[in-house]
Amino acid sequence: MDNYTKEAQFSAMPLTRKERMYGLLDSSLVNTGYGIATWCFLTGGLLASIVSFKVAVVTALVGNVVGTLLVALAVSIISHKYGIDTYSSIGVFFGKIGMKIVFAVFIITNLGWVVVLGSMCARSSHSLSDAITGSTMPAWGITILTIVAVAIMWFIVYKGPAALKMMNRIMVPGLCICMLIMIIALISKNSFADIWNAEAMAPYPSKTVNIILALELNIGAGISWWPGIGALGRLNKTATTTVWGNMIGLAFAPVLVALLSAASAYTVGSSDPTEWMIPLGGIGFGALALFFVILANLSSGSYAFYNTCLGLKNYNVFANRKWIVVTACFLVPVIVLCFFQDFVYGNYQMLLNFSVAIFGPMSIIQILDYYVFRRKHIDLRALYDTTSSSDMRYNGGGNWGGIIILAISIIIYCVILNPATWAYASIFPYVSAFIPSCAFALVAYYLYGKFYLQRKGVGGFAYADRYEEAVKK
């Protein structure tokens with residue numbers, strides 16, 4: 001690896017095609033390693049509480065495919081084509097200042113996800129230790145183990161994408177084998193008919209509300225990959241690898257895990273893998289499965305960690321800092337939040353629901369902006385040109401109209417469905433919260449882009465015309 005390639009993998013600089021390291025196999029493994037994480041298991045438990053297993057199968061598949069496809073089109077394709085990470089691409093749609101404002105919100109979100117993943121590692125370690133030694137760990141012990149887990153994530157991130165690549169080549173096949181064994185154990189102890197016909201454990205009174213909530217939950221699970229999907233996309237060798245890696249690893253694999261978790265919730269009484277894996281698989285297979293769950297969450301947490309640190313490189317204060325300094329600066333608030341890991345872990349649903357509220361309309365704006373207005377052409381030089389003469393510069397340094405549209409879309413979602421409590425408005429059963437918020441973003445940004453941005457010639461929209469003219473010549 002030459003100095004430029006190494007620097008590009010640890011900075012916000014774009015990667016050239018010859019510097020990409022992931023083919024379809026590695027992309028699928030890395031995406032699966034990122035995708036099979038804490039919230040897949042916990043999502044399965046939430047599904048079991050509100051819908052039957054049959055409905056869980058349909059809503060999990062549809063929701064995850066829709067959510068993952070949206071973020072793949074909005075982020076992965078762009079990141080792959082231009083070799084940029086998720087957060088650098090925000091500068092295309094919201095401007096340099098807008099990017100920093102929006103990214104500040106995502107830092108908070110990723111702080112929560114890293115701690116949730118670290119907490120799952122700690123709880124899995126506790127269950128493993130309890131099964132082997134018979135001793136119960138005190139609450140402060142879980143906190144210490146959570147800190148140890150995020151410290152391991154930091155070390156993996158410090159070593160870079162190559163370390164994650166090697167880790168997932170071992171972890172993903174092992175976890176898949178363990179999940180298959182768990183499925184066989186589950187069916188051997190409970191008939192397939194009993195699982196297939198299982199009913200919701202604690203549903204809302206309205207069947208329609210339960211189904212729409214299940215769809216919202218699973219769309220949120222797919223869309224929640226938005227912050228990290230770009231850093232994976234920029235490392236892929238082809239566009240086909242990028243899309244299929246996303247769909248295999250972030251849509252299909254998590255669905256299988258969520259449904260296994262749901263099935264265990266119906267039959268065993270718990271969806272938390274730290275509680276049901278050993279009773280279901282026995283000391284041997286259960287302990288092995290927990291070990292791979294620990295590795296899976298370390299992998300997912302490392303990617304969330306890595307993606308955030310790449311984004312921090314877009315801030316002047318971090319732009320020229322060494323990678324170890326940038327990663328250490330993010331590690332500090334993560335460790336502080338670890339002391340509240342029990343609260344964060346218990347409210348994971350809120351993180352997931354806010355993800356769909358934010359990243360749903362965000363993806364719609366990006367897709368409309370890139371495919372319709374820019375016609376899939378971005379002036380990469382202008383993106384990295386921070387001077388006032390840059391062709392991609394917005395008035396005041398930010399695409400304020402786009403940011404306001406995004407903010408209103410988020411408010412629309414939260415008014416219809418409260419992400420923190422799942423309290424819903426009377427129109428929710430008929431329109432959901434996802435559809436109105438995304439529909440507003442689509443219509444509002446289309447009108448704003450067509451009648452203001454394109455006419456005023458700001459934000460680099462004219463580059464597509466110049467590029468296509470140059471190609472014709």
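- Every residue meeting the side chain to side chain donor-acceptor pair (under 3.5 Å) condition with S191, not counting sequence neighbours, appears here in chain and number order: D194.
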_Before you tell me yes or no, could you show the steps for M350 and T421 under side-chain contact (heavy atoms from CB on, under 4.5 Å), namely the whole-Å CA-CA distance, both residues' side-chain angles and the distance that decides it to 0.1 Å?_
CA-CA 8 Å; M350 186 165 61; T421 64; over 6 Å; no

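- S28 OG to D26 CG: the interatomic distance, rounded to the nearest 0.5 Å, is 9.0 Å.
- Contact detail for P203 and N210: the closest heavy-atom pair is CB-ND2, 3.5 Å.
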Tabulate below the donor-acceptor pairs under 3.5 Å that side-chain atoms of residues 92-112 make, not counting sequence neighbours, or state none.
from: T109; atom 1: OG1; to: V105; atom 2: O; distance (Å): 3.3
from: N110; atom 1: ND2; to: Y87; atom 2: OH; distance (Å): 3.3
from: N110; atom 1: ND2; to: T308; atom 2: OG1; distance (Å): 2.6

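- For the pair N418 (side chain) and A423 (backbone), a donor-acceptor distance under 3.5 Å is absent.
- Side chains of Y413 and E216: a donor on one and an acceptor on the other come within 3.5 Å.
- Considering only heavy atoms from C-beta on, W323 comes within 4.5 Å of V157 through its side chain.
- Judged purely by atom type and a 3.5 angstrom limit, K313 has no side-chain atom pairing as donor or acceptor with the backbone of V326.
- In this structure, S27 contributes its side chain and L24 its backbone to no donor-acceptor pair below 3.5 Å.
- Checking side-chain atoms of S79 against main-chain N and O of I84 turns up a donor-acceptor pair under 3.5 Å.
- Between C438 and G360, the shortest heavy-atom contact is SG-C, 3.6 Å.
- A 4.5 Å side-chain heavy-atom check between C414 and P419 finds at least one atom pair inside the cut-off.
- Side-chain contact check for F252 versus N64: every heavy-atom pair is 4.5 Å or farther apart.
- Here L217 contributes atom CG and L46 contributes atom CG; the two are 5.5 Å apart, rounded to the nearest 0.5 Å.
- Side-chain N or O atoms of S264 include one that pairs as donor or acceptor with a backbone N or O of S261 at under 3.5 Å.
- In this structure, the side chain of R20 does not engage the main chain of K237 through any donor-acceptor pair within 3.5 Å.
- At least one side-chain heavy atom of V115 sits under 4.5 Å from a side-chain heavy atom of V334.
- Environment of CH2 in W244: sparse, with no more than 12 heavy atoms of neighbouring residues, nucleotides or ligands closer than 6.0 Å.
- Although no hydrogens or angles enter the test, the distance criterion places no donor-acceptor pair under 3.5 Å between the side chain of N218 and the main chain of A221.
- The closest donor-acceptor contact from the side chain of H80 to the backbone of N236 lies under 3.5 Å.
- The distance from the OG atom of S432 to the CD1 atom of I211 is 13.0 Å, given to the nearest 0.5 Å.
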*Quick one: do V75 and W226 satisfy side-chain contact (heavy atoms from CB on, under 4.5 Å)? Show the steps, please.*
CA-CA 7 Å; V75 182; W226 189 99; 3.3 Å; yes

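- In this structure, T327 and Y306 have side chains that are not in contact, with every pair of non-hydrogen atoms separated by 4.5 Å or more.
- Between F428 and Y424, the angle of the ring planes lies from 30° to 60°, which puts this pair in the tilted group.
- Residues D342 and R123 have side chains in contact (heavy-atom distance under 4.5 Å, counting atoms from C-beta outward).
- Ring geometry for Y158 against W154 counts as parallel: the plane angle stays under 30°, on a 0 to 90° scale with 60° as the upper cut.
- A donor-acceptor pair shorter than 3.5 Å cannot be found between the side chains of N246 and T68.
- Here the CG atom belonging to L406 is positioned 10.0 Å from the CD1 atom belonging to I411, to the nearest 0.5 angstrom.
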*asked:* Quick one, I212 with V431, criterion side-chain contact (heavy atoms from CB on, under 4.5 Å). Give me CA distance, side-chain angles, the key distance, then yes/no.
replied: CA-CA 9 Å; I212 300 300; V431 298; over 6 Å; no

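- You'll find the side chain of F339 stays beyond 4.5 Å of the side chain of T146, heavy atoms only.
- Of all non-hydrogen atoms in V415 and A425, the two that sit nearest each other are O-CB, 4.0 Å.
- Minimum interatomic distance between L259 and A60 (heavy atoms only, all atoms of both residues): CD2-CB, 4.3 Å.
- Of the residues L250, V243, I229, the one that meets the side chain to side chain contact (heavy atoms under 4.5 Å, CB included) test with S76 is I229.
- Not one N or O on the side chain of W225 forms a donor-acceptor pair closer than 3.5 Å with the backbone of I223.
- Here the straight-line distance linking atom OG of S49 with atom CG of L213 works out to 9.5 Å at 0.5 Å rounding.
- Taking CD1 of I77 as the start and CD1 of I367 as the end, the distance is 10.5 Å to the nearest 0.5 Å.
- The two residues I294 and S125 come nearest to each other via the heavy atoms CD1-OG, 3.5 Å.
- Considering every non-hydrogen atom in both A214 and I50, the closest pair reads N-CD1, 3.8 Å.
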*Can you check side-chain contact (heavy atoms from CB on, under 4.5 Å) on L145 and C121, steps first, answer last?*
CA-CA 8 Å; L145 284 178; C121 288; over 6 Å; no

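- You'll find the side chain of L73 stays beyond 4.5 Å of the side chain of S363, heavy atoms only.
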